[in-house]
There are 2 protein chains.
Amino acid sequence: MSSEKITVNSKTSQALSGGSKRSRAKLDKKNAIMQAALELFSRHGVKGTRVEKIAALAKVSKTNLLYYFNSKEQLYIDVMQRLLQVWLAPLASFNEEQDAIETINDYIRVKLELSRDHPAESRLFCMEMLHGAPLLEDQLKSPLKELVDSKAAVINAWIAAGKLAPVDPYHLIFTIWSTTQHYADFRVQIESITSKNLDDPAFFENTLSNLQSIILQGVRPN
Amino acid sequence: MSSEKITVNSKTSQALSGGSKRSRAKLDKKNAIMQAALELFSRHGVKGTRVEKIAALAKVSKTNLLYYFNSKEQLYIDVMQRLLQVWLAPLASFNEEQDAIETINDYIRVKLELSRDHPAESRLFCMEMLHGAPLLEDQLKSPLKELVDSKAAVINAWIAAGKLAPVDPYHLIFTIWSTTQHYADFRVQIESITSKNLDDPAFFENTLSNLQSIILQGVRPN
DNA sequence: GTCTATATGCCGATAGAC
DNA sequence: GTCTATCGGCATATAGAC
């Protein structure tokens with residue numbers, strides 16, 4: 001359908017070319033727009049977000065926004081593109097040489113930090129999944145599978161070496177993803193029930209240690 | 001804002017009044033429309049769903065749909081209203097007299113069955129959370145908190161009795177919610193990676209036993 | 001590059017016959 | 001209750017001056 005004219009807008013990588021003041025200002029503006037778009041798309045969806053509102057949040061005019069991004073759809077694609085690069089990075093740190101328990105503990109922490117520091121990214125990714133990820137068919141499907149497969153192999157090696165109890169590595173990964181992302185995506189529910197969120201340092205540490213404890217040791221008494 | 005004229009449409013409960021053929025047909029039609037709306041709202045969001053499409057899926061005309069439901073917003077509210085009744089029911093089964101481990105195992109199963117059998121409900125609930133749950137402020141906030149608080153007390157009693165390892169009961173509940181709902185909400189991602197979903201009985205059982213194992217015993221080797 | 005003004009298309013909702 | 005026809009508003013995107 002609308003996936004025919006997807007264009008990757010990689011102006012971002014131009015940052016290291018040490019461009020002129022003019023192109024620098026242009027980049028800052030595009031970044032501000034993308035940041036604003038991320039925030040609003042992740043809360044109201046693409047259809048539910050008016051270009052006017054994004055422009056207001058980014059402090060540019062609507063016309064000006066459409067000068068930098070040809071359409072709302074294209075802006076969305078650019079935002080998702082950038083998001084994906086950040087989103088999958090943490091998983092890459094899984095490494096067979098490292099200590100299994102420590103690596104898993106660290107991964108849970110990093111993912112929970114992402115939920116605290118980048119909740120809009122988490123929400124937008126979640127929303128895209130709910131929609132059936134029409135955009136991500138190619139972008140995500142095979143690279144993601146390969147990455148996860150390779151990390152599953154690492155986990156299996158740990159299990160074979162007795163460093164980890166027997167568990168399906170895929171479900172372990174899904175468990176870490178779901179539990180940590182939940183605190184960003186269901187933030188309002190968490191707040192309704194606990195009156196706290198991850199921005200509270202004590203709540204963050206409490207959440208982290210509980211998740212680590214559940215995933216590593218479970219809740220069955222010894 | 002738009003929450004001023006929320007009206008609970010409880011025609012559903014009229015089912016037991018043994019209504020005439022006419023009102024029976026009317027109910028069937030409303031149910032068909034709500035079912036179709038649930039499906040589409042949960043995939044594309046409210047703004048992203050056209051009334052025309054809901055009508056087509058429910059096999060009625062657009063005008064006819066708007067005869068039964070005054071507006072798209074009202075239809076959405078009615079759908080959410082019905083959803084909530086189903087959604088929180090399973091938690092109510094937590095009971096201090098029951099065996100702790102067995103109850104938790106059962107709850108994980110029931111929640112995973114919900115993800116398998118009612119994925120649209122799961123998605124729509126998730127989407128409403130992402131949006132900040134503007135509708136659910138009153139509906140959900142205090143009743144949900146009370147329910148969860150009471151179940152947290154049950155879990156604490158189990159811990160005090162040595163039936164369960166020390167854990168924050170709220171994080172335990174969030175863990176069960178997030179892990180099980182993940183298989184409905186992130187279904188496309190699960191499918192990309194594993195090429196399977198909960199409709200496959202073997203995959204369902206495999207998922208269930210892994211979640212139960214992780215949550216009860218963790219992945220640390222003995 | 002940035003603005004004002006406007007074109008254009010879509011979609012929710014209503015009017016009114018039957 | 002159900003249809004056909006249509007209104008009216010809103011939001012994206014463009015035209016064109018500066």
Side-chain angles (χ1 to χ4, degrees), chain A residues 1-7 9 11 14 19-34 36-37 39-41 43-79 135, chain B residues 1-7 9 11 14 19-34 36-41 43-80 135:
Chain A
M1 271 282 174
S2 62
S3 59
E4 23 180 281
K5 49 171 182 174
I6 289 182
T7 305
N9 211 320
K11 295 279 171 55
Q14 192 189 343
S20 64
K21 278 179 189 166
R22 180 154 298 231
S23 72
R24 178 73 211 151
K26 193 172 170 178
L27 265 202
D28 287 348
K29 214 163 195 177
K30 292 194 73 163
N31 284 334
I33 292 168
M34 289 177 78
E39 193 61 38
L40 295 178
F41 285 158
R43 281 239 116 88
H44 312 293
V46 176
K47 281 274 165 85
T49 301
R50 296 204 299 282
V51 171
E52 174 102 41
K53 292 280 187 185
I54 300 171
L57 188 57
K59 295 184 172 128
V60 300
S61 71
K62 181 177 65 167
T63 336
N64 197 222
L65 186 156
L66 286 163
Y67 169 77
Y68 286 102
F69 297 89
N70 297 332
S71 71
K72 185 166 78 163
E73 275 266 315
Q74 182 65 51
L75 172 56
Y76 176 62
I77 290 165
D78 287 0
V79 168
L135 277 191
Chain B
M1 274 276 175
S2 63
S3 59
E4 25 181 276
K5 50 171 182 175
I6 289 182
T7 304
N9 211 322
K11 295 280 172 54
Q14 193 190 341
S20 64
K21 277 179 191 169
R22 179 154 301 231
S23 72
R24 178 73 209 153
K26 192 173 171 177
L27 264 202
D28 287 349
K29 215 163 196 176
K30 292 194 74 163
N31 283 334
I33 291 168
M34 290 178 76
L38 170 64
E39 193 62 37
L40 295 178
F41 285 157
R43 282 236 116 88
H44 312 294
V46 177
K47 281 274 167 78
T49 301
R50 297 204 299 281
V51 171
E52 174 102 43
K53 292 280 188 186
I54 301 171
L57 188 57
K59 297 187 171 125
V60 300
S61 71
K62 181 175 68 165
T63 335
N64 198 221
L65 186 156
L66 286 163
Y67 169 77
Y68 285 102
F69 296 89
N70 297 332
S71 70
K72 186 166 78 162
E73 275 267 315
Q74 182 65 51
L75 172 57
Y76 177 61
I77 290 165
D78 287 0
V79 167
M80 279 300 306
L135 277 190

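- Between the CD atom of A:E52 and the CG atom of A:L57 there is a distance of 12.5 Å, given to the nearest 0.5 Å.
- Remark: the backbone N or O of B:T49 is paired with a side-chain donor or acceptor of B:K72 at under 3.5 angstrom.
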Inset, instruction - Dump the intermediate steps for side chain to side chain contact (heavy atoms under 4.5 Å, CB included) on B:M34 and B:F69, then the final yes or no. - result: CA-CA 10 Å; B:M34 290 178 76; B:F69 296 89; 3.6 Å; yes

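- Minimum heavy-atom separation, A:A32 to A:A58: O-CB, 3.7 Å.
- Residues A:V51 and A:L75 form no side-chain contact, since every pair of their non-hydrogen atoms from C-beta on lies 4.5 Å or further apart.
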Legend entry - B/S/- contact track for nucleotides 10-15 of chain D, protein heavy atom under 4.0 Å: -SBBBB

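- Of all nucleotides in DNA chain C, those with any atom nearer than 4.0 Å to a heavy atom of chain B start and finish, going 5' to 3', at C:dC11 to C:dA15.
- In this structure, A:K26 forms no cation-pi arrangement with A:Y68, as its terminal cationic atom is not both closer than 6.0 Å to the ring centre and no more than 45° off the ring axis.
- Listed by chain and number, the residues in a side-chain hydrogen bond (donor to acceptor under 3.5 Å, both in side chains) with A:N70 amount to none (sequence neighbours excluded).
- Scanning both residues, A:K29 and A:V60, for their nearest heavy atoms gives CE-CG1, 3.6 Å.
- Residue A:K29 is classed as a sugar-phosphate contact, given heavy-atom separations below 4.0 Å to backbone atoms only.
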